[in-house]
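By convention in this document, chain letters (A, B, ...) are assigned in the order of the sequence lines, proteins followed by strands, and residues within each chain are numbered from 1.
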There are 2 protein chains.
Amino acid sequence: MTDAFEGKELDLVQNISVDCVVFGFDLNALELNVLLIERKKNPDYEYEDFFALPGNLIRQSETFDQSAIRVLKELTSIQDIFLEQLMAFGNPNRTYLKENDRKWLQTIRPQPDERVVTIAYYSLINLEKYKPTASSFAKKAIWMPVKDVPELAFDHSQILNKAFEALKLKLRTEPVGFNLLPRKFTLGQLQSVYETILGIELDKRNFRRKMLNKDILIQLDEKQKGVAHKSPYLYKFDQAKYEALRDQKFDFSL
Amino acid sequence: MTDAFEGKELDLVQNISVDCVVFGFDLNALELNVLLIERKKNPDYEYEDFFALPGNLIRQSETFDQSAIRVLKELTSIQDIFLEQLMAFGNPNRTYLKENDRKWLQTIRPQPDERVVTIAYYSLINLEKYKPTASSFAKKAIWMPVKDVPELAFDHSQILNKAFEALKLKLRTEPVGFNLLPRKFTLGQLQSVYETILGIELDKRNFRRKMLNKDILIQLDEKQKGVAHKSPYLYKFDQAKYEALRDQKFDFSL
DNA sequence: GCAAAAGTGTTCCGGCTACACCCATGA
DNA sequence: TCATGGGTGTAGCCGGAACACTTTTGC
């Protein structure tokens, strides 16, 4: 899958693709980031919009889930993550609207004028653990703060928006914030995740009590070192306990 | 669109379809129903599974939303309803698994062996207002209690399950129960909707208070007549007030 | 008159909110 | 020593849950 003309392969479905919205959280800048690829420059024309979500055509024999995993790996080298379907996007003109998009498709697809519908996936991962490296038709694969993301290729800005809304909803109803953090994290870091993504301020004491009462965090015998303040305890998410509780309790909302 | 071989039309996308899960509520039987079509019998073979969700290929120039509206109308005559995208289903073998499905596709599609992915839609409507009448390749279009639905064509049983889960979630988080009822309804009827779909019993006084406190119901100067008990007030849903409140309040859960 | 659903209040409890100070650490 | 975030307790309030009887109507 390193040939930019992989689209020539016979087993690709020429009008159905997957696109991946992969979120990560930058603990230094306290910012939500998203994984983007930069298109390879083509000498024939100038781009206005360099960036796109990682995505490509599906194969005939794949499920959507398999396609998403494969495509993400091919373009960014990121693998072994959980991707969830967001929704399908299929406006008839979604790949024709911008001149740049059309030209770009001509360089990577045998049938560049086909109407392509896409199944969008999203995922929450630990940004520090997964370092993207580009390949295939991606020139670069980078983390970019969501608030700095420019207009993207095709309808990818719209897809990103939908994914962000889905993330906010999910964060309010299920304990998914952990997925954006390292395995060991402090309660302050977790609170930052919630505050940053939801765009709200939370009371430290209330947040702490609520989280600990959910009984899905394990306090470790370990503290964060090297910070210019009282060293906080590290916690980890108790997956097993969560799954056990999930069925009886209904509400994990913040 | 009344020809069973509409698939011959050039502007249909041969590998992408929409399927509609339309829910209605039977106030007499107090049962959740779903709209199904019965396939036209073909003399060449026997069916084991007669029923399917209304669905068909999309057209080249349509959005998914437009396709869903058109297809539903073509097959069941039901129109002017709000359909929402559920998710995409695209297992590679979803149309091949059952012999009957393959044979049936051969009678209605020019490329019956194509891998077809489908975008599922769902909707909640007033069962009494919308009387389905079949056309196109549907022999019948009928309301059927969800609990009585047999194994459906293709992966439609799986789609129905997903839609039912989505309905339950939505019912818990947004005031959507009204859509399943006539414009004027009693609080008892509304409670039945919740109890039936969620499969739980609710306390009458608590339910009533909670609903009325949401401030999105208008009590009418009218009572239900002809019932063998104290005649209850009729209410209607206040769409405008709901929309005004929706943005400030977050939680409309039951 | 009887069956069937409508309609109505109160108490208890748990969770949410608001709020302020001292502590440990590295620079 | 100072700046920075860590860590802690309480009181008031609100909403949810549990709970029983009288009323109206058609048959």
Residues in side chain to side chain contact (heavy atoms under 4.5 Å, CB included) with B:Val227, at least two apart? B:Gln224, B:His229, B:Pro232
For DNA chain C, determine which residues of residues 177-188 of chain A have any heavy atom closer than 4.0 angstrom to one of its atoms, and list them numerically. none
Run the salt-bridge test on A:Glu165 and A:Lys162 with the 4.0 Å N-O cut-off and return the result as yes or no. no
Residue list, salt bridge (Lys or Arg N to Asp or Glu O under 4.0 Å) with A:Lys147, at least two apart or on another chain: A:Glu31
Between A:Lys230 and A:Asp203, name the one whose nearest nucleotide on DNA chain D is closer to the 5' end. A:Lys230
Between C:dC16 (C1') and A:Glu201 (CD): distance, integer Å: 18 Å
Tell me, which pairs form a salt bridge (charged side-chain N to carboxylate O under 4.0 Å, His left out) where one or both residues lie in residues 195-208 of chain B, sequence neighbours left out? none
B:Leu212 CG to D:dG15 P, in whole Å, measures 15 Å
Return no unless some side-chain N or O of B:Ser231 is found under 4.0 Å from OP1 or OP2 of D:dT25. yes
Fit a plane to each ring of B:Tyr242 and B:Phe237, take the angle between them on a 0 to 90° scale, and name the class: parallel (under 30°), tilted (30 to 60°) or perpendicular (over 60°). tilted
Give every residue pair that meets the salt bridge (charged side-chain N to carboxylate O under 4.0 Å, His left out) criterion with at least one member in residues 227-236 of chain A, sequence neighbours excluded. none
Rounded distance in Å - CZ (B:Phe207) to P (C:dA5): 16 Å
Which residues share a salt bridge (Lys or Arg N to Asp or Glu O under 4.0 Å) with B:Lys129, sequence neighbours left out: none
Measure from CG on A:Leu202 to C1' on C:dC16 and round the result to the nearest Å. 13 Å
Apply side chain to side chain contact (heavy atoms under 4.5 Å, CB included) to A:Val21 and list each qualifying residue two or more places apart in sequence or on a separate chain. A:Phe23, A:Val34, A:Leu53, A:Tyr122, A:Ile159, A:Leu160, A:Ala163
Rounded to the Å, how far apart are B:Arg208 CZ and C:dG9 P? 11 Å
Value in whole Å for how far the P atom of D:dG16 lies from OH of B:Tyr194: 13 Å
Of the listed nucleotides (D:dT10, D:dA18, C:dC19), which one gets closest to any side-chain atom of A:Arg209? D:dT10
Going by the rule salt bridge (Lys or Arg N to Asp or Glu O under 4.0 Å), which residues pair with A:Glu84 if we only count those two or more places apart in sequence or in a different chain? A:Lys170
When rounded to whole Å, the NZ to C1' distance for the pair A:Lys214 and C:dC16 reads 12 Å
note: A:Asn206, atom CG; D:dA11, atom P; distance rounded to Å ~ 15 Å
So which one's nearest nucleotide on DNA chain C is more toward 5', A:Arg205 or B:Lys204? B:Lys204
Looking only at D:dA17, C:dC19, D:dT23, the nucleotide nearest the B:Lys210 side chain is D:dA17
If you take any heavy atom closer than 4.0 Å to DNA chain D, which residues from residues 221-229 of chain A end up in contact? A:Ala228, A:His229
